Amino acid sequence: MKNRANEIDFREVVNSWYLQNKRDLPWRRSSDPYRIWLSEIILQQTRIDQGLPYYLRFIKTFPTVFDLAEASEQQVLKLWQGLGYYSRARNLHYTAKEVAYEMEGIFPKSFSELKKLKGVGEYTASAIASICYGEAVAVVDGNVYRVLSRYFGVDTPINATEGIRYFKELATRVLDLEHPGDYNQAIMEFGAMQCKPQLPLCASCGLQISCVAFQLQRVDKLPVKLKKNKIKKRYFNYIVLLDHQHTLLQARTKKDIWQHLYQFPLVESNDNLSLDELTKKEDFLDLISGKSYDIRLFNPKVSVHKLSHQHIYTQFWIVELKEPIPNGIHRKNIREYPVPVLIANFVKDFGL
DNA sequence: AATGCGGGGGA
DNA sequence: TCCCCAGCATT
């Protein structure tokens, strides 16, 4: 195997780079599986800079898995608000209850048992097993794909079945069996700080000589990723009902974005609506149900909320009712409800 | 095997 | 604009 020397070299360089350059992150001061698990769930598809304040708030609010288990889902979602991918928060809460009440608060101690937990996949189970228990399982996240594909010059797409299998094998082959937890963090940190997606620091890289991508000037071409990215346009009309002190929020229950978060009553349409068009919609009429009202458009300039796969064109309609809103919530309690960033921004701008 | 799921940051 | 981020569940 011509690569054997390269593999050993790779491992040594990454490990020593990590010793010199690792950041002092709060979850690195612990090997408590609760903290490691929490940090890993928060960091899924999320930059450390974005996730760090959430981690600190979660640990402060829920110091143990029992504290998290005893919270309501709404409370957990509220603390998660703004971080995105809200199924992570729901699964986090579900698993906390599972561990607290079915496992006496003790997390599973092996990769295969950890992977059975809801919200814990291949990556997260490997991370927890290696970091907390020293099990020799390799993590493969976005950083690892990038570092390995560049260093070994692999152009197999990382998001197709063959690539996923290939990189898992490669990662396992170069894993440091003596210190899998530290090594796993080392290769990820190396990917995040040195072998970055854009403008990687090749000039100061200890792997430069043996890095296939660098030698072939292919660094900016790797890793290869098949792209789909179809963006769907959607048109939301939020009906902001107001009486003297109340408004109306509704939970999103359908299988769609923002499941279990709250919003104002929504009229979704195939295009932007005029006032006339809106007030003829059945959903709108049902909501008003014959009451008298004043209506105005809060944002004549339609605001666009961009998700990775949807652009949501939103109009907020302010509807003032003379009579009390049935099932209305007190306006000053609105901050207790978990809401999408889109709604939180409106509440702030409107001054609700 | 493919798709849906957030929001923010960097170039 | 586009891409990426310490991925996972569902179909």
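Letters go in sequence order (proteins before strands), and every chain restarts at 1. Being a predicted model, the structure only gives us computed values, none of them experimental. What you see below is based on every heavy atom in this structure, not just the backbone, and it leaves out hydrogens, waters and symmetry mates.
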Heavy atoms only, 4.0 Å cut-off, all strands: where does A:Trp80 land among base, sugar-phosphate and nothing?
nothing
Quick one: which residue pairs count as a ring pair (Phe, Tyr, Trp, His ring centres under 6.0 Å) with a foot in residues 179-203 of chain A, not counting sequence neighbours?
A:Trp17-A:Phe190
Is the phosphate of C:dC5, meaning OP1 or OP2, less than 4.0 Å from a side-chain N or O of A:Gln44?
no
Spatial distance of atom CZ (A:Phe152) from atom OH (A:Tyr166) [nearest 0.5 Å]
8.5 Å
Taking only side-chain N and O atoms of A:Arg88, does any of them lie within less than 4.0 angstrom of OP1 or OP2 on B:dG6?
no
Please, what dot-bracket string fits DNA chain B when only Watson-Crick and G-U pairs with both distances under 3.5 Å count, crossing ones use [ ] and pairs to another strand use |?
|||||.|||||
Does a side-chain N or O from A:Lys227 land closer than 4.0 Å to OP1 or OP2 of C:dC3, or not?
yes
With distance as the sole test, does A:Gln74 use its side chain to make a donor-acceptor pair with the main-chain N or O of A:Glu336 at under 3.5 Å?
yes
Is any side-chain N or O of A:His305 closer than 4.0 Å to OP1 or OP2 of B:dG7?
yes
Below the 4.0 Å mark, does C:dC4 have OP1 or OP2 next to a side-chain nitrogen or oxygen of A:Tyr145?
no
Under 3.5 Å: donor-acceptor pair, side chain of A:Arg234, backbone of A:Tyr313:
no
Do the side-chain N or O atoms of A:His309 get closer than 4.0 angstrom to the phosphate oxygens (OP1, OP2) of B:dG4?
no
Report which part of the nucleic acid A:Ile42 touches: base, sugar-phosphate, or nothing (heavy-atom distance under 4.0 Å, all strands).
nothing
Select base, sugar-phosphate, or nothing to describe what A:Gly82 touches, counting heavy atoms under 4.0 Å on all strands.
sugar-phosphate
Please state whether the phosphate of C:dC8, meaning OP1 or OP2, lies under 4.0 angstrom from any side-chain nitrogen or oxygen of A:Thr124.
yes
Residue A:Gln198, side-chain heavy atoms: nucleotide from B:dG10, C:dA6, C:dA9 that is nearest:
B:dG10
A:Trp27, nearest nucleotide to its side chain (from B:dG6, C:dA9, C:dA6)
C:dA6
Kindly give the heavy-atom pair with the smallest separation between A:His246 and A:Asp243, and that separation in Å.
N-OD1, 2.7 Å
Would you say A:Tyr151 and A:Ser210 are linked by a side-chain donor-acceptor pair, where the criterion is simply a distance under 3.5 Å?
yes
Considering just the side-chain nitrogens and oxygens of A:Gln45, establish if one lies under 4.0 Å of OP1 or OP2 belonging to C:dG7.
yes
With a 4.0 Å cut-off on heavy atoms, is A:Arg28 in touch with a base, just the backbone sugar-phosphate, or nothing at all?
base
By the 4.0 Å heavy-atom rule, please label A:Gln259 as base, sugar-phosphate, or nothing.
nothing
Nearest to the side chain of A:Tyr123, which nucleotide is it out of B:dG7, C:dG7, B:dA11?
C:dG7
Of the listed nucleotides C:dC8, B:dG6, C:dT11, the one nearest the side chain of A:Ser308
B:dG6
Name the closest nucleotide to the A:Tyr85 side chain, picking from C:dC4, B:dC5, C:dA6.
B:dC5
Can you see if the side chain of A:Trp258 gets near the phosphate of B:dG7 - specifically, an N or O under 4.0 Å from OP1 or OP2?
yes
Could you tell me whether A:Val139 contacts a base, only the sugar-phosphate backbone, or nothing, with contacts defined as non-hydrogen atoms closer than 4.0 Å?
nothing
If you only use heavy atoms from C-beta on, which nucleotide in C:dA6, C:dT11, B:dG6 is closest to the side chain of A:Lys255?
C:dT11
Any sub-3.5 Å donor-acceptor pair from A:Ser31's side-chain atoms to A:Cys132's backbone N or O?
no
B:dG9 and C:dC8: how far apart are their C1' atoms, nearest whole angstrom?
23 Å
Which nucleotide in the set B:dG8, C:dC5, B:dA11 lies at the smallest distance from any side-chain heavy atom of A:Arg146?
C:dC5
A:Phe58-A:Trp80 aromatic ring centre distance below 6.0 Å
yes
B:dG4 phosphate, OP1 or OP2, under 4.0 Å from A:Lys230 side-chain N/O
no
